[in-house]
Amino acid sequence: MNYKNKWDMESVFPGGSASVDFQNRLSEVRDSITAFSHELDNWELDEHSNDFASLKGILQHYEKISNALGEMGSFSNGLVSADVTDQKAMQNLNAVHNLVKDLSSQNIILNKKISALTEDQFAKMLEDDFFKAMRFPLEEKRQKEKDLLSTEEETIINHLSLDGLQGWGNMYNQLVASIQIPVIEDNETVYYSASQFENKMKSEENPKNREKLLKTWEDTWEEKADLFSTTLNHLSGFRLNDYELHDYKDYMKVPLDYNRMEEETLDTMWDTITKNKEPFKKYFERKAQLIGVDQLGWLDVSASVDVGDYTNKQYTYNEAAEFIIDNFNSFSPKMSEMARRAFEEQWIEAEDRPGKRPGGYCSNLPESKQSRIFMTFAGSTSNVSTLAHELGHAFHSYVLRDLPLFNQRYAMNVAETASTFAELIVSNATIENATSNAEKINLLDEKIARSATLMMNIHARYIFERNFYDERQQGTVDSNRLKELMKEAQKEAYQEALSSYHPMFWATKLHFHITGVPFYNFPYTFGYFFSLGIYNRFLEDETLSEDDYIALLRDTASMTTEDLAEKHLNVDLRKPDFWQKALDSVHKDIEEFLELTESYV
Ligand SMILES: [Zn+2]
């Protein structure tokens with residue numbers, strides 16, 4: 001089979017960004033939203049009535065509109081990604097965004113009405129299979145509504161948040177855009193933007209130069225440290241005030257609720273990770289020897305090791321496709337079958353050409369019940385892993401495709417379960433498949449460095465944010481103190497194993513300034529080790545089949561994270577056992593790395 005490396009968008013809407021069908025659809029959906037808002041306005045349920053037929057119609061209508069917007073959004077965003085100069089596609093995307101905004105205003109009203117049902121009515125409603133299937137998301141909506149203040153007060157907060165929260169987020173982005181970092185090239189000083197410099201710094205091969213670049217990076221950001229501390233203090237200050245108004249006792253309530261998990265689970269995960277950091281000391285020492293430094297610096301952890309000349313295996317797109325389909329098959333024939341369909345039916349835009357947006361993603365076509373994957377495939381093993389990762393996301397959507405819309409909306413902490421899982425299958429196979437020892441060492445090193453990021457770098461971000469929020473509750477925290485807090489957090493998370501740290505990280509890392517979600521970092525670590533734990537579990541327990549895995553994925557938006565693990569894996573995430581098993585495989589990787597590199601030092 002010869003797979004084409006470009007995606008098929010014609011079957012979604014023919015004619016590209018000038019598609020007439022798309023424009024027609026857009027006005028149809030616009031009319032539907034107007035009709036929907038009337039329908040919703042007119043729906044009032046008497047306290048004693050148990051007639052839920054109209055509500056069923058309303059929910060079905062909502063779902064239909066939402067799916068149409070999903071389909072149109074994926075289509076137009078896809079065209080923008082594949083050709084960043086396509087202005088028409090950008091206009092289409094903005095038009096979809098506007099309708100999404102209109103529908104979400106209706107969604108707020110819908111939630112209010114569902115929450116206004118009495119307990120008796122709600123119980124009665126759940127006797128109907130249609131509503132019963134949505135039990136968890138509906139209960140969750142009602143619970144969230146209880147946490148809210150009056151509509152008037154919430155509206156005031158929302159209005160004020162435009163300048164009080166979003167405004168500071170915008171200010172952060174402007175400040176980052178004003179960063180200019182001097183670099184001497186051919187005896188001349190040129191200025192790099194923050195992202196250009198970051199790329200340069202991370203790809204610098206000489207460790208001494210790398211360290212110098214880090215120093216320049218730190219110094220440049222430090223010049224604006226007070227401005228960044230103002231934005232960070234106001235972002236968190238707004239949130240803390242908002243929490244106080246809502247009478248939330250703990251600032252962790254919002255991020256934990258958002259991820260549908262308990263604090264005990266999060267604490268156990270970090271505790272178990274902390275107890276498993278010891279082997280990294282040996283790994284860091286060996287890596288330092290291989291790189292040629294006394295002790296690893298902040299940037300060296302993710303740098304590549306030098307074990308002499310070797311060539312990385314290169315894959316053609318077809319080889320990659322066959323490799324992924326074969327390796328998926330050894331775990332799950334259904335997953336493999338979906339991947340084959342994705343390649344055959346051209347769900348994937350992989351061509352290596354200019355004019356494409358960087359990065360990779362998977363987006364859903366809810367009406368076609370397919371996905372579209374965007375990436376640039378240049379033949380490296382890491383491209384093969386990315387392709388597998390995105391196909392994992394596609395498989396997650398694929399197994400959820402027939403569930404009610406509300407039961408498809410999984411949280412951030414489990415969003416990466418299926419993708420990490422698929423990536424693990426394939427990246428482990430590429431390590432097995434390495435053509436030389438040197439290549440194997442490099443692949444293994446990348447994998448361990450990634451574990452170090454999740455177990456140490458992200459841990460440092462978590463420790464910092466907890467300590468910062470604790471102090472922020474007492475008043476503003478100045479830039480010197482922020483630097484201190486960050487350095488302390490990094491030292492703690494890396495167990496003092498590095499020769500240099502990055503005290504300005506609280507300013508350089510966008511994640512601390514994202515306005516949408518607080519504590520944006522820990523879900524990554526959770527997602528990775530949750531997936532790794534599931535992966536190991538399926539390898540060792542022969543009674544588990546692909547259908548058990550699929551059943552778990554299908555429940556990702558239908559229960560809390562703890563219940564999900566209890567029901568499908570029979571484990572308690574509040575206890576260390578599950579996490580320990582996941583971490584055991586990190587130790588194995590380190591042992592193998594130490595063995596393989598023995599002869600190189
Ligand atoms: Zn992903």
Side-chain angles (χ1 to χ4, degrees), residues 7 70 73-74 77-78 81-82 255 258-261 302 320 324 327-328 331-332 335 338-339 342-343 347-350 356-366 370-378 380-401 408-430 446-447 449-455 457-458 461 509-511 514 516-517 519-535 549-550 552-557 561 564 582:
W7 61 18
S74 291
N77 185 45
S81 317
Y258 180 80
N259 286 290
R260 295 171 174 146
M261 62 189 279
S302 308
I324 288 170
N327 281 294
F328 278 2
F331 171 75
S332 160
M335 196 163 132
M338 189 225 67
F343 286 111
W347 295 7
I348 307 162
E349 170 56 57
K356 280 174 77 165
R357 199 191 271 173
Y361 67 79
C362 173
S363 74
N364 211 354
L365 294 170
Q370 294 178 5
S371 292
R372 287 295 179 271
I373 288 168
F374 178 84
M375 68 163 303
T376 297
F377 185 86
S380 70
T381 47
S382 96
N383 289 160
V384 181
S385 297
T386 304
L387 198 47
H389 180 101
E390 302 307 339
L391 282 163
H393 280 304
F395 188 62
H396 198 171
S397 307
Y398 188 72
V399 302
L400 294 174
R401 69 195 182 284
Q408 296 188 30
R409 292 180 173 167
Y410 44 77
M412 197 177 157
N413 61 345
V414 291
E416 293 299 330
T417 304
S419 54
T420 309
F421 195 98
E423 189 180 341
L424 279 167
I425 294 173
V426 168
S427 65
N428 285 346
T430 59
E446 275 174 25
K447 194 176 172 208
R450 181 173 173 195
S451 297
T453 300
L454 292 154
M455 292 168 68
N457 189 311
I458 293 186
R461 301 180 204 179
K509 191 79 204 166
L510 166 73
H511 288 188
I514 286 176
V517 193
F519 282 80
Y520 193 78
N521 293 297
F522 72 80
Y524 285 102
T525 300
F526 181 96
Y528 183 77
F529 288 104
F530 186 58
S531 183
L532 190 57
I534 298 170
Y535 177 76
Y549 173 60
I550 292 168
L552 181 147
L553 291 181
R554 278 174 67 84
D555 272 340
T556 39
T561 312
L564 184 73

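Source: prediction; values computed, not measured. Whatever order the structure lists ligands and atoms in, that order sets their numbers, starting from 1.
- The aromatic rings of F374 and W7 lie tilted to each other, with the angle between the two planes from 30° to 60°.
- Listed by chain and number, the protein N, O or S atoms at a distance under 2.8 Å from the Zn ion (ligand 1) are H389 NE2, H393 NE2, E416 OE1, E416 OE2.
- The ring of F522 has its center no closer than 6.0 angstrom to the ring center of F526.
- Judged by distance alone, the side chains of T556 and H396 do bring a donor and an acceptor atom under 3.5 Å apart.
- Ring geometry for H511 against Y520 counts as perpendicular: the plane angle is over 60°, on a 0 to 90° scale with 30° as the lower cut.
- Taking CZ from R260 and CE from M412, the interatomic distance works out to 14.0 Å, rounded to the nearest 0.5 Å.
- For the atom pair S397 OG and Q408 CD, the distance stands at 7.5 Å (nearest 0.5 Å).
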